[in-house]
Amino acid sequence: QVQLVESGGGLVQTGGSLRLSCAASGVTFTFSNYVMGWFRQAAGKEREFVTAISRRGGSTYYADSVKGRFTVSRDNAKNTVYLQMNSLKPEDTAVYYCAADYGVSASSYNGQYDYWGQGTQVTVSS
């Protein structure tokens, strides 16, 4: 069984920063075999892609709405993926989810991901 546990969410003012973490665990789960993604879902809206990082961290992909402000990284030795969020805006307010995809190429399609965390709330006040 695979577990993804997000942490680091909270309340921040416009222009502030937060760093989310997602720790992965599982008896048969080899973290470095998985592309990791971050998605978010605002109240009343569909879940949307934020960013993804390849298995060894050499390639990253971002939604246009977060490019230049968010940075994804991973530490395969710690089975953890991070999302550094800077210059936050009220429209970044959402529940943020990490997800794992046993695939080769990173994808923005949420249906491709095999495992999901429970989410962490990020609220940006204006």
Side-chain angles (χ1 to χ4, degrees):
Q1 191 158 355
V2 176
Q3 269 198 316
L4 302 177
V5 180
E6 302 95 336
S7 60
L11 174 65
V12 64
Q13 291 186 332
T14 297
S17 297
L18 281 175
R19 188 194 195 205
L20 305 184
S21 299
C22 171
S25 63
V27 174
T28 60
F29 182 74
T30 303
F31 185 70
S32 58
N33 285 347
Y34 287 79
V35 168
M36 297 300 296
W38 286 95
F39 291 76
R40 66 186 181 186
Q41 187 166 17
K45 295 188 177 181
E46 293 192 354
R47 190 171 299 187
E48 65 174 4
F49 171 77
V50 175
T51 182
I53 185 167
S54 60
R55 293 179 293 181
R56 284 178 169 71
S59 298
T60 56
Y61 308 89
Y62 297 93
D64 288 343
S65 57
V66 306
K67 268 180 194 173
R69 300 188 298 121
F70 289 13
T71 302
V72 62
S73 60
R74 66 189 294 161
D75 185 338
N76 285 352
K78 295 183 178 179
N79 285 8
T80 302
V81 61
Y82 304 97
L83 180 62
Q84 178 66 45
M85 305 186 294
N86 299 329
S87 303
L88 283 161
K89 305 174 181 179
E91 51 263 45
D92 295 318
T93 295
V95 177
Y96 282 71
Y97 299 89
C98 73
D101 169 27
Y102 189 72
V104 175
S105 301
S107 173
S108 61
Y109 173 51
N110 59 11
Q112 183 161 322
Y113 288 79
D114 304 296
Y115 303 104
W116 293 82
Q118 83 290 348
T120 186
Q121 176 70 47
V122 171
T123 303
V124 184
S125 63
S126 56

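Atoms considered below: every heavy atom in the structure, side chains included; atoms not considered: hydrogens, waters and symmetry mates. Just so you know, residue 1 is the first one in the sequence shown, and it goes up from there.
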Exercise for the section: Using the test ring pair (Phe, Tyr, Trp, His ring centres under 6.0 Å), find all partners of Tyr34 that sit at least two apart in sequence or belong to another chain. Expected result: Phe29, Tyr102

Completion exercise
Besides Tyr82, the hydrophobic cluster formed by Ile, Leu, Val, Met, Phe, Trp and Tyr side chains linked at under 4.5 Å, directly or via other members, contains none

Completion exercise
All heavy atoms of Asp75 vs all of Phe31, minimum pair found to be O-CE2, 4.0 Å

Sequence neighbours excluded and cut-off under 3.5 Å, please list the side-chain donor-acceptor pairs for residues 119-126, or say none.
{"unit_1": "Thr120", "atom_1": "OG1", "unit_2": "Gly9", "atom_2": "N", "d": "3.3"}
{"unit_1": "Gln121", "atom_1": "NE2", "unit_2": "Ala94", "atom_2": "O", "d": "3.4"}
{"unit_1": "Gln121", "atom_1": "NE2", "unit_2": "Thr123", "atom_2": "OG1", "d": "3.3"}

Problem - Inter- and intrachain pairs under disulfide (SG to SG under 2.5 Å), touching residues 52-96, at least two apart - result: none

Problem - Expected output: side-chain Glu6 to main-chain Gln118 donor-acceptor under 3.5 Å - result: yes

Handout entry: Nearest heavy atoms of Tyr62 and Val72, plus distance in Å
Key = OH-N, 2.9 Å

Completion exercise
For Gln41 and Lys45 the tightest heavy-atom approach is NE2-O, 3.0 Å

Exercise for the section: Before accepting this row, confirm whether a basic side-chain N of the pair Lys67/Asp64 lies closer than 4.0 Å to the acidic partner's carboxylate O. Expected result: yes

Practice task
Spell out, as yes or no, whether a donor-acceptor pair under 3.5 Å connects the side chain of Arg69 to the backbone of Ser87.
Solution key: yes

Fill in the blank from the handout: Tightest non-hydrogen contact, residues Met85 and Leu88, listed as CB-CD2, 3.8 Å

Handout entry: Hydrophobic cluster of Val95, others only, ordered by chain and residue number, side-chain cut-off 4.5 Å
Key = Val35, Phe39, Phe49, Tyr61, Tyr97, Tyr113, Trp116

Handout entry: Hydrophobic cluster of Leu11, others only, ordered by chain and residue number, side-chain cut-off 4.5 Å
Key = none

Handout entry: Residue pairs involving residues 85-126 (criterion disulfide (SG to SG under 2.5 Å); sequence neighbours excluded)
Key = Cys22-Cys98

Handout entry: side chain to side chain donor-acceptor pair (under 3.5 Å) against Glu91, all qualifying residues, sequence neighbours excluded
Key = none

Exercise for the section: Please report the closest heavy-atom contact between Ser32 and Asn76, naming both atoms and the distance. Expected result: CB-ND2, 3.5 Å

Problem - Summary of side-chain hydrogen bond (donor to acceptor under 3.5 Å, both in side chains) pairs that have at least one residue in residues 46-55, sequence neighbours excluded - result: Arg40-Glu48

Problem - side-chain contact (heavy atoms from CB on, under 4.5 Å) between Leu4 and Met36, worked out - result: CA-CA 11 Å; Leu4 302 177; Met36 297 300 296; 4.3 Å; yes

Exercise for the section: State, to 0.1 Å, how close Gly8 and Leu18 come at their nearest heavy-atom pair, and which atoms those are. Expected result: O-CD2, 3.8 Å

Problem - Selection residues 18-30 - residue pairs positive for side-chain hydrogen bond (donor to acceptor under 3.5 Å, both in side chains), sequence neighbours left out - result: none

Practice task
Taking the side chain as every heavy atom from C-beta outward, state whether Pro90 and Thr14 have any pair of such atoms under 4.5 Å apart.
Solution key: yes

Handout entry: For Tyr109, the rest of its hydrophobic cluster, which grows through side-chain links under 4.5 angstrom
Key = none

Practice task
Under the ring pair (Phe, Tyr, Trp, His ring centres under 6.0 Å) rule, collect the residues that match up with Phe70, sequence neighbours excluded.
Solution key: none

Practice task
Rounded to the nearest 0.5 Å, what's the gap from OG on Ser105 to CD on Gln112? Could you check?
Solution key: 7.5 Å

